[in-house]
2 protein chains.
Amino acid sequence: MTTRRTGLREQKKQATREALRAAALRLALAHGPENVRVDDIAAAAGVAPRTYNNYFASREQAIVAAVTADREARVAAAVAGRPAGTPLSEAVTDAIVTEYTEPGEDARDALLMITTRPALRQAYLDAATAIESPLTEVFGERTGDAATARVLAASVAAAVRIALDRWVRPADGGAATGLVVVRDSLPAQLRAALAPLAPALDAADHGR
Amino acid sequence: MTTRRTGLREQKKQATREALRAAALRLALAHGPENVRVDDIAAAAGVAPRTYNNYFASREQAIVAAVTADREARVAAAVAGRPAGTPLSEAVTDAIVTEYTEPGEDARDALLMITTRPALRQAYLDAATAIESPLTEVFGERTGDAATARVLAASVAAAVRIALDRWVRPADGGAATGLVVVRDSLPAQLRAALAPLAPALDAADHGR
DNA sequence: GCGCAAAATTGCGTGCACGCATGTTTTGTG
DNA sequence: CACAAAACATGCGTGCACGCAATTTTGCGC
């Protein structure tokens with residue numbers, strides 16, 4: 001369906017990637033992210049330090065990837081799986097809210113760690129852009145226009161990123177304005193962030 | 001109007017930033033980006049190597065900043081300057097097309113160098129996200145909703161980024177599909193990328 | 001099974017980003 | 001006009017990302 005290159009080779013690569021992810025998260029949780037060197041992660045995963053950078057371009061990426069994993073691909077699949085009659089904006093919003101809400105797993109404390117460290121927070125937000133490519137494909141099938149699909153996918157990714165940012169960021173401007181900023185739940189933030197894009201999504205949808 | 005903090009200090013900072021930008025671009029053009037070390041740039045600008053990183057987070061940023069400079073702020077100003085009756089989508093598109101089309105200056109050969117080096121191309125695209133913040137302010141005044149404004153600004157930034165990407169990227173998929181990809185001009189790419197967002201922009205506009 | 005080409009891993013070397021501690025300049029206040 | 005606080009420049013040290021080239025592993029046709 002998607003990209004099934006060759007069998008065993010790809011399999012081992014994914015295993016290594018998974019091992020690195022897991023090791024990174026485990027060590028970071030155990031000793032604190034600041035006290036984990038790339039060499040440690042590589043050693044724990046049983047590969048050379050240099051190999052680490054064949055899989056992740058930064059130390060933060062590996063830790064964050066353990067949480068975000070293949071969430072992006074699932075979102076795209078969920079969008080594609082909605083009944084045909086559903087407006088595109090609704091399909092997208094529902095799929096995203098479902099997939100991003102939320103771990104329930106062991107990722108709970110990982111999220112806590114990530115949100116309190118600026119560098120990890122940044123990496124976590126950046127990871128949201130990974131939905132662009134799968135979403136572009138789905139949108140492409142529904143709108144028929146690849147260029148439009150890409151723009152809309154990028155916009156959705158940006159909205160998700162903003163929602164996560166607002167959800168994750170510590171309140172800062174409170175004292176200055178005297179206003180107490182009530183933090184919405186993640187689903188509410190996601191819906192609020194995606195709402196402004198609904199007209200564009202639906203216009204492109206039936207535009208074909 | 002915007003953020004005029006205090007006098008002499010800010011002035012010197014901008015002078016240093018400008019000196020670094022200029023030095024980075026000049027050296028990169030002269031010897032090729034690969035052969036310019038951060039230390040060289042710092043030395044040419046008359047500051048310590050460490051100071052360089054107080055202004056730019058990467059070597060590429062400084063080079064690219066010499067071209068993109070304050071383009072972002074000008075876009076925001078241009079949007080704000082359109083007559084009140086203009087639809088928001090039109091105001092945004094026209095302002096962006098105007099400001100991004102194109103250097104005419106000494107930036108011609110700089111662009112050539114940037115587009116041929118992957119690292120610089122990446123930095124150039126990333127620089128487009130700088131419009132987000134000024135655009136958010138402008139949109140905020142026009143829509144009345146800060147959250148919506150931010151999402152739309154980010155979407156516009158993403159669209160611009162995509163347009164620049166398509167404009168700047170060397171044709172790659174041509175051989176595979178057998179199709180000759182005709183490269184549109186930058187204004188055409190920008191308009192095409194922004195068009196899908198028009199419904200969202202205009203819906204938010206008069207929504208207030 | 002066997003060998004070969006493609007692909008992945010590894011080691012090495014280099015330049016870089018950035019935290020921290022310290023000296024220096026700027027600012028606004030009494 | 002002096003002075004304390006804040007902002008900035010600088011040195012130093014550390015860990016990191018990545019290009020390059022050599023080496024090992026994998027997949028596949030024979």
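The chains referred to below are lettered A, B, ... by the order of the sequence lines, with proteins before strands, and numbering in each begins at 1.
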Undergrad: For Lys12(B) and dC8(D), what is the distance between atoms NZ and P respectively, to the nearest whole Å?
TA: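 Rounded to whole Å, this separation is 12 Å.
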Undergrad: For the helix from dG1(C)-dC30(D) to dG30(C)-dC1(D), measure the angle between the helix axis at one end and the axis at the other, each built from five pairs, rounding to 10°.
TA: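 Computed angle between terminal axes is 30°.
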Undergrad: Between Thr101(B) and Thr98(B) (side chain of the first, backbone of the second, donor and acceptor by atom type, cut-off under 3.5 Å), is there such a pair?
TA: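 No, the answer is negative, given that no donor and acceptor are paired below the 3.5 Å cut-off.
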Undergrad: Counting only non-hydrogen atoms, which of residues 14-26 of chain B are less than 4.0 Å from DNA chain D?
TA: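 Listed by number, there are none.
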Undergrad: Determine which pairs satisfy salt bridge (Lys or Arg N to Asp or Glu O under 4.0 Å) with at least one residue from residues 22-49 of chain A, sequence neighbours left out, and list them in order.
TA: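 Every pair satisfying salt bridge (Lys or Arg N to Asp or Glu O under 4.0 Å) with a residue in residues 22-49 of chain A: Glu34(A)-Arg117(A).
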Undergrad: Would one find a side-chain N or O of Tyr55(B) under 4.0 angstrom from OP1 or OP2 of dA9(D)?
TA: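 Tyr55(B) to dA9(D) OP1/OP2: side-chain N or O found under 4.0 Å.
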Undergrad: Decide side-chain contact (heavy atoms from CB on, under 4.5 Å) for Leu190(B) and Trp167(B); before the verdict, give the C-alpha distance in whole Å, the side-chain angles of both, and the deciding distance to 0.1 Å.
TA: CA-CA 9 Å; Leu190(B) 285 168; Trp167(B) 179 61; over 6 Å; no
Undergrad: Checking contacts here: which listed nucleotide (dA9(D), dG11(C), dA8(C)) is nearest the side-chain heavy atoms of Asn54(B)?
TA: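 Among the listed nucleotides, the one closest to the side chain of Asn54(B) is dA9(D).
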Undergrad: Walk along nucleotides 12-17 of chain D from 5' to 3' and tag each nucleotide B, S or - by protein heavy-atom contact under 4.0 Å, base first, then sugar-phosphate.
TA: B--SSS
Undergrad: Show me the donor-acceptor pairs within less than 3.5 Å that the side chains of residues 145-152 of chain A make with the rest of the protein, sequence neighbours left out.
TA:
residue: Asp145(A); atom: OD1; partner: Ala147(A); partner atom: N; Å: 3.1
residue: Asp145(A); atom: OD2; partner: Thr148(A); partner atom: OG1; Å: 2.7
residue: Arg150(A); atom: NH2; partner: Asp165(B); partner atom: OD2; Å: 2.6

Undergrad: With a 3.5 Å distance limit and no angle check, can you tell me whether Arg142(A) reaches the backbone of Asp205(A) through a side-chain donor-acceptor pair?
TA: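 Flag not set: sc Arg142(A) to bb Asp205(A) has no pair under 3.5 Å.
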Undergrad: Can you establish whether the number of heavy atoms outside Arg161(A) located under 6.0 Å from its atom CZ is more than 12?
TA: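 Correct, the count exceeds 12.
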Undergrad: Check the distance between dC20(C)'s P and Glu34(A)'s CD and give it to me in whole angstrom.
TA: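 So the two atoms are 9 Å apart, to the nearest Å.
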Undergrad: Rounded to whole angstrom units, what separation is found between the CD atom of Gln11(B) and the C1' atom of dT25(C)?
TA: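 Going from CD in Gln11(B) over to C1' in dT25(C) covers 15 Å.
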Undergrad: Please check: side-chain N/O of Thr16(B) versus main-chain N/O of Lys12(B), any donor-acceptor pairing under 3.5 Å?
TA: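 Here the side-chain-to-backbone pair exists.
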Undergrad: Just verifying a value: how many Å separate Leu194(B) CG and Thr93(B) OG1, rounded to the nearest 0.5 Å?
TA: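 These two atoms lie 4.5 Å from each other.
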Undergrad: Give me each pair satisfying salt bridge (Lys or Arg N to Asp or Glu O under 4.0 Å) with a member in residues 50-64 of chain A, each pair once, sequence neighbours excluded.
TA: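 Sorted pair list comes back empty.
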Undergrad: From CD of Glu10(B) over to C1' of dA6(D), roughly how many Å is that when rounded to an integer?
TA: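 Nearest whole value for this atom pair: 14 Å.
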Undergrad: So, Tyr52(B) side chain and Ser58(B) main chain: donor-acceptor pair closer than 3.5 Å or not?
TA: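 Between the backbone of Ser58(B) and the side chain of Tyr52(B) there is a qualifying donor-acceptor contact (under 3.5 Å).
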Undergrad: Report the distance from atom CZ of Arg71(B) to atom CD of Glu99(B), rounding to the nearest 0.5 Å.
TA: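 So the CZ of Arg71(B) and the CD of Glu99(B) are separated by 8.5 Å.
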